[in-house]
S.K.: 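Attaching a single structure in structure tokens format; questions to follow.
Hydrogens, waters and symmetry mates are skipped; everything else that's a heavy atom, side chains included, is used. Letters A, B, ... are given to chains in the order of the sequence lines, protein chains preceding strands, and every chain is numbered from 1.
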Amino acid sequence: MDNQLVLYNTLTRKKEKFEPLHSPFVGMYVCGPTVYSDVHLGNCRTFVSFDLIFRYLQHLGYKVRYVRNITDAGHLEGDNDEGEDKFAKKAKLEKLEPMEIVQKYTLGFHEVLRLFNTLPPSIEPTATGHISEQIAMVQRIIEQGYAYVVNGTVYFDVEKYVKEYDYTILTNRKLEDMLNNTRELNGQDEKRGRLDFALWIKAKPEHIMRWPSPWGVGFPGWHIECSAMSSKYLGDQFDIHGGGMDLAATHHTNEIAQSQACNHTQPAKYWMHTNMLTVNGARMSKSAGNGFLPHELFSGNHPLLSRGYSPMAVRFFMLQAHYRSTLDFSNEALDAADKGFKRLMNAMALLPKLKATAKKAAFKVDELRQRCYAAMNDDFNSPVLIAELFEAVRIINSIHDGKLAVDEQSLADLKTLMQHFVHDILGLIDDNTGSDDFERLMEMIIALRNEAKLQKDYATSDRIREGLSAIGIQLKDSKEGTLWNKV
RNA sequence: GGUCGGGUGGCCGAGUGGCUAGGCAGAGGUCUGCAAAACCUUUUACAGCGGUUCGAAUCCGCUUCCGACCUCCA
């Protein structure tokens with residue numbers, strides 16, 4: 001754990017040395033999806049980014065407890081706690097029970113993240129499974145004097161809170177500005193302050209998802225679930241709290257307020273926020289309707305897409321940008337990433353075939369490894385890491401071509417390096433290989449072609465090559481024999 | 001309107017004061033029966049203007065354009 005990892009902390013707006021509260025244990029909480037519709041790609045980017053972080057922390061030897069919630073209750077349409085319940089609305093549309101909606105989209109979410117080769121979190125708690133914890137937390141906030149009850153709904157008292165705590169610590173906004181910019185609430189306003197938000201909401205008669213509470217039948221507010229579940233599984237104070245940047249201003253600001261009011265501690269030491277995925281420069285979002293669904297991207301079945309891209313190519317594409325930068329989506333950019341990814345995977349496939357050729361290698365694996373760690377230690381800079389790995393690709397290809405000397409130890413080190421950084425940390429695997437039968441079939445075809453070549457029957461050998469090319473299989477002749485890969 | 005973050009070569013995307021990532025695309029070469037792949041070499045940059053400095057893509061100021069948040073979204 002003696003490493004130089006630094007990460008950007010939204011709380012302080014600068015990079016800080018990573019020092020866990022209770023090393024080697026690390027607690028990390030990431031805000032998960034609200035499962036009332038298909039995950040779109042922007043969501044996936046956030047989860048891929050935190051997967052990279054999770055993987056790297058584990059690689060460094062930390063014992064990470066990664067908690068990522070499933071929001072399956074309490075999230076309302078629109079603002080001001082007066083909108084319709086998202087699950088109830090969707091349930092009506094699809095003529096299903098709200099929990100059927102939850103189940104359907106939770107399964108879909110898991111399937112997509114599996115395709116992206118993200119590791120499952122250590123704990124994946126649901127909001128509906130933690131109603132009593134949320135009620136207890138609301139109760140405690142009331143006891144501490146930071147919340148009030150109006151007609152069965154409990155509101156957080158921001159005005160009281162700001163007297164003792166910094167409400168805008170995460171975004172550095174000025175409170176007056178926020179007050180001036182908050183829209184007037186139309187009609188039946190129960191809140192005392194314009195910035196107050198609901199911790200527990202009284203259920204209207206038609207509301208389906210409802211639970212009894214000390215304040216009557218209702219359901220939890222959107223922000224309280226994360227505070228309740230993070231403190232349950234990670235303690236009142238833990239190391240990393242993450243989520244998309246769009247959550248910082250409202251959701252995370254309110255989470256901090258709730259936890260401070262309840263426990264009088266800042267819940268997380270480091271707050272990490274991932275940037276947005278954009279399409280033609282504009283944020284990909286559910287409401288803008290410019291989002292792709294993952295399966296549309298994989299199949300290419302979308303007006304904005306010229307073809308489909310494999311999940312691993314898309315993961316690679318995402319990791320080629322830093323998690324705090326916006327990433328713009330286009331066919332051109334995806335094509336470029338796809339080719340680069342295949343180049344990397346071809347080198348990975350070549351690696352086991354390499355043999356030591358000399359007593360001393362003509363390159364230094366140690367220096368390369370150090371640069372790889374330096375990249376990741378600098379706030380998980382995967383694009384720089386990938387640039388270093390392409391140096392390794394060049395080395396691997398040159399060894400294979402017989403143009404670069406390598407000794408046993410360097411070769412072994414190179415293999416370990418690639419295994420660690422490509423597979424374990426970046427989480428990239430070749431998703432385009434064939435089955436064993438397919439491999440044997442290709443061996444046979446290549447043998448037939450080589451026989452034809454030996455007999456200078458180029459008409460036949462070219463026919464085989466072109467025929468394979470037409471079905472997307474590329475042959476690569478070299479001194480070591482003929483290799484193939486899917487294009 | 002307020003707050004914040006950006007504008008890097010044909011495209012994507014790193015890089016915070018000098019040693020000018022990387023991928024894709026383009027050009028030339030080596031290899032090859034030819035090709036592909038691979039390898040080598042190579043062309044296009046730091047929005048504009050001014051300032052600080054021996055030296056700035058990198059720091060400061062102004063201008064301009066774009067985006068995010070402030071309202072559900074990762």
Side-chain angles (χ1 to χ4, degrees), chain A residues 13 30-34 36-37 39-50 75-80 83-84 86 168 171-174 176-178 180-183 222 242-251 273-278 281-288 291 316-317 320-322 324-344 346-347 350 371 375 378 381-391 393-394 396-398 400-404 453 456-458 461-462 465-466 469 474-479 482-485 487:
Chain A
R13 279 165 287 279
V30 173
C31 292
T34 304
Y36 68 99
S37 65
V39 272
H40 74 78
L41 222 54
N43 302 51
C44 294
R45 185 193 182 195
T46 292
F47 301 126
V48 165
S49 294
F50 282 104
H75 213 150
L76 300 182
E77 287 279 339
D79 55 355
N80 297 331
E84 201 175 351
K86 283 183 172 176
T168 57
T171 52
N172 209 25
R173 288 170 299 177
K174 289 192 178 68
E176 312 89 79
D177 294 336
M178 287 184 72
N180 291 335
N181 288 320
T182 304
R183 281 188 284 178
W222 175 36
M245 269 184 191
D246 52 343
L247 296 181
T250 305
H251 183 57
H273 290 97
T274 58
N275 214 323
M276 300 293 107
L277 201 59
T278 61
R283 173 183 172 185
M284 183 183 282
S285 71
K286 289 179 183 174
S287 50
F316 177 81
F317 171 70
Q320 259 195 321
H322 189 257
R324 281 192 292 119
S325 299
T326 55
L327 173 60
D328 198 57
F329 224 81
S330 68
N331 285 295
E332 250 187 320
L334 277 166
D335 282 338
D338 186 51
K339 287 186 182 174
F341 174 65
K342 289 200 166 93
R343 186 167 142 80
L344 180 61
N346 287 338
L350 218 47
R371 290 202 301 274
D378 184 12
N381 198 326
S382 54
V384 169
L385 169 63
I386 288 171
E388 301 296 352
L389 292 175
F390 274 105
E391 168 70 8
V393 167
R394 195 186 58 75
I396 290 166
N397 287 329
S398 294
H400 179 250
D401 285 353
K403 292 172 181 164
L404 195 66
K453 279 175 71 179
K456 297 205 191 304
D457 179 6
Y458 296 123
S461 69
D462 287 356
R465 186 173 68 198
E466 279 148 28
S469 174
Q474 180 186 50
L475 292 183
K476 298 179 293 186
D477 291 328
S478 78
K479 286 169 192 161
T482 302
L483 299 173
W484 63 274
N485 60 265
V487 181

S.K.: Reckon A:N397 touches a base, only the sugar-phosphate, or nothing at all at heavy-atom distances under 4.0 Å?
M.R.: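 Answer is sugar-phosphate: A:N397 comes under 4.0 Å of backbone atoms only.
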S.K.: Look at the side-chain N and O atoms of A:R371 and state whether any lies under 4.0 Å from the OP1 or OP2 oxygen of B:A21.
M.R.: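 The answer is no; no side-chain N or O of A:R371 sits under 4.0 Å from OP1 or OP2.
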S.K.: Students often get this wrong, so: under 4.0 angstrom with heavy atoms, is A:H273 touching a base, only sugar-phosphate, or nothing?
M.R.: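 Counting heavy atoms under 4.0 Å across all strands, no contact is made by A:H273.
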S.K.: Using atom P in both nucleotides, what's the gap between B:C46 and B:A57 to the nearest angstrom?
M.R.: 8 Å
S.K.: Does A:Y458 reach a base, just sugar-phosphate, or nothing at all? Heavy atoms under 4.0 Å.
M.R.: base
S.K.: Indicate, with a heavy-atom threshold strictly under 4.0 Å, whether A:R465 touches base, sugar-phosphate, or nothing.
M.R.: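 Since a base atom lies under 4.0 Å of A:R465, the category is base.
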S.K.: Strictly by Watson-Crick or wobble contacts shorter than 3.5 Å, is anything paired with B:U42, and which nucleotide is it?
M.R.: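 B:U42 is paired with B:G26.
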S.K.: If you look at every strand shown and take non-hydrogen atoms under 4.0 Å, does A:S398 touch a base, only sugar-phosphate, or nothing?
M.R.: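 Since only primed, P, OP1 and OP2 atoms lie under 4.0 Å of A:S398, the category is sugar-phosphate.
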S.K.: Which is true for A:G42 with a 4.0 Å heavy-atom rule: it touches a base, it touches only sugar-phosphate, or it touches nothing?
M.R.: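 The residue A:G42 makes base contact.
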S.K.: Remember a base hit wins even if backbone is also touched, and classify A:A387 as base, sugar-phosphate or nothing at under 4.0 Å, heavy atoms.
M.R.: base
S.K.: Indicate, with a heavy-atom threshold strictly under 4.0 Å, whether A:D328 touches base, sugar-phosphate, or nothing.
M.R.: sugar-phosphate
S.K.: Determine the contact category for A:D462: base if any of its heavy atoms lies under 4.0 Å from a base atom, sugar-phosphate if only primed atoms, P, OP1 or OP2 are that close, otherwise nothing.
M.R.: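 Base: the residue A:D462, judged by heavy atoms under 4.0 Å, touches a nucleobase.
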S.K.: Under 4.0 Å, counting only non-hydrogen atoms across every strand here, what does A:T250 touch: a base, just sugar-phosphate, or nothing?
M.R.: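 Here A:T250 touches the backbone only, sparing every base.
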S.K.: Which is true for A:S325 with a 4.0 Å heavy-atom rule: it touches a base, it touches only sugar-phosphate, or it touches nothing?
M.R.: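 Answer is sugar-phosphate: A:S325 comes under 4.0 Å of backbone atoms only.
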S.K.: Would you mind classifying the nucleic acid contact of A:L475 as base, sugar-phosphate or nothing, using non-hydrogen atoms under 4.0 angstrom?
M.R.: base
S.K.: May I ask you to decide if A:N381's main-chain N or O and A:D378's side chain share a donor-acceptor pair within less than 3.5 Å?
M.R.: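 Looks like no, no N/O pair under 3.5 Å.
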S.K.: Heavy atoms only, 4.0 Å cut-off, all strands: where does A:T326 land among base, sugar-phosphate and nothing?
M.R.: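 Result for A:T326 = sugar-phosphate.
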S.K.: Base, sugar-phosphate or nothing for A:L344? Non-hydrogen atoms, less than 4.0 Å.
M.R.: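 It contacts nothing in the nucleic acid.
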S.K.: Regarding B:A38, can its base be found pairing with the side chain of A:N346 as donor and acceptor, where the two atoms are less than 3.5 Å apart?
M.R.: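 A donor-acceptor contact between them is absent.
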S.K.: Run the salt-bridge test on A:K342 and A:D338 with the 4.0 Å N-O cut-off and return the result as yes or no.
M.R.: yes
